[in-house]
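For the numbers below, each heavy atom of this structure counts, side chains included, while hydrogens, waters and symmetry mates do not.
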Amino acid sequence: NFFQATIFKPVHEKNPAVNRYFKNTILKKLELEMRGSGQKVDLENDNVYFICLFGTLLASVAQVDDHFHEEERKTLQKILKERFEFSAGEQKLLFKVVEEQVKHGFDFHEVITEFNSRVSYKDRVSAVDCFWAIAVADGGISHEENEEVRRITKAMYIPHQIFKESKKKFSKQLKSS
């Protein structure tokens, strides 16, 4: 029955709809591209699944202005290296996800719900700087970028104070450069 299916479902089980979406839209294309190189993408791997979720959220900031600028790409690479321990292959996958999401869009509610269920509060707080890094990469923070980062951090249950502190840090970097 419905009650048993929802109450006794493991907390960290992947959302089948989101999992199927990543398999059908993103990873199929990646598998085709990687076939010649001998690499294989395994969505059942939790790290790959996390990369898809995180890349999708990063895409929502990058796509606000309908273009994923080269400055945004370089900044994203830099901050990911500083904050996370992604292998070169995982980072390549993350960028493919971001680029794919920028082109096609996604269901924000499903992705953020899945992200929150799989990522610790501390890691979500660390991710806030990544969103701001993308927002300021093109030389300023537009109203749309500000509101998108606000929407994401609010959905991640990040206190507004952390949102403001991170924004202030990146705004200062803009002024000093």
So Tyr157 and Ile112, side chain to side chain contact (heavy atoms under 4.5 Å, CB included) or not? Walk me through it. CA-CA 10 Å; Tyr157 306 109; Ile112 197 71; over 6 Å; no
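- The two residues His69 and Glu72 make their nearest non-hydrogen contact at N-OE1, 2.7 Å.
- Side chain of Ser166 to backbone of Ile162: no donor-acceptor contact under 3.5 angstrom is found.
- Going from atom CG of Leu58 over to atom CD1 of Ile134 covers 4.5 Å, rounded to the nearest 0.5 Å.
- Contact annotation: the side chain of Val111 approaches that of Leu57 to within less than 4.5 Å [non-hydrogen atoms, C-beta and beyond].
- One hydrophobic cluster, built from ILVMFWY side chains closer than 4.5 Å, holds both Val61 and Met156.
- Smallest separation of non-hydrogen atoms from Val149 and Ala135: CG2-CB, 4.5 Å.
- Ala155 and Asn116 get closest at one heavy-atom pair: O-ND2, 2.7 Å.
- Within the 4.5 Å cutoff, the side chain of Lys74 has heavy atoms near those of the Glu70 side chain.
- Crowding of His109 atom NE2: a count of heavy atoms from other residues, nucleotides or ligands under 6.0 Å not exceeding 12.
- Residue Lys167 holds its NZ atom at 3.5 Å from CG of Asn146, rounded to the nearest 0.5 Å.
- Side-chain contact between Val136 and Glu145 is absent, with no heavy atoms from C-beta onward closer than 4.5 Å.
- The aromatic rings of Phe54 and Phe115 sit parallel, their planes meeting at an angle under 30°, below the 60° perpendicular limit.
- Note that CG of Leu174 and OG of Ser171 are 6.0 Å apart. Values are rounded to the nearest 0.5 Å.
- With sequence neighbours excluded, no residue forms a salt bridge (charged side-chain N to carboxylate O under 4.0 Å, His left out) with Lys164.
- One distance of note links CD1 of Ile152 with CD1 of Ile158; it measures 11.0 Å at 0.5 Å rounding.
- The salt bridge (charged side-chain N to carboxylate O under 4.0 Å, His left out) pairs that include a residue from residues 150-163 are Glu147-Arg150, Glu148-Arg151, where partners are two or more places apart or lie in different chains.
- At least one donor-acceptor pair closer than 3.5 Å links the side chain of Ser117 to the backbone N or O of Glu114.
- If you take OG1 on Thr56 and CD on Glu110, they are separated by 11.5 Å, rounding to the nearest 0.5 Å.
- Phe131 is not listed as a side-chain neighbour of Phe170, based on a closest heavy-atom distance of 4.5 Å or more.
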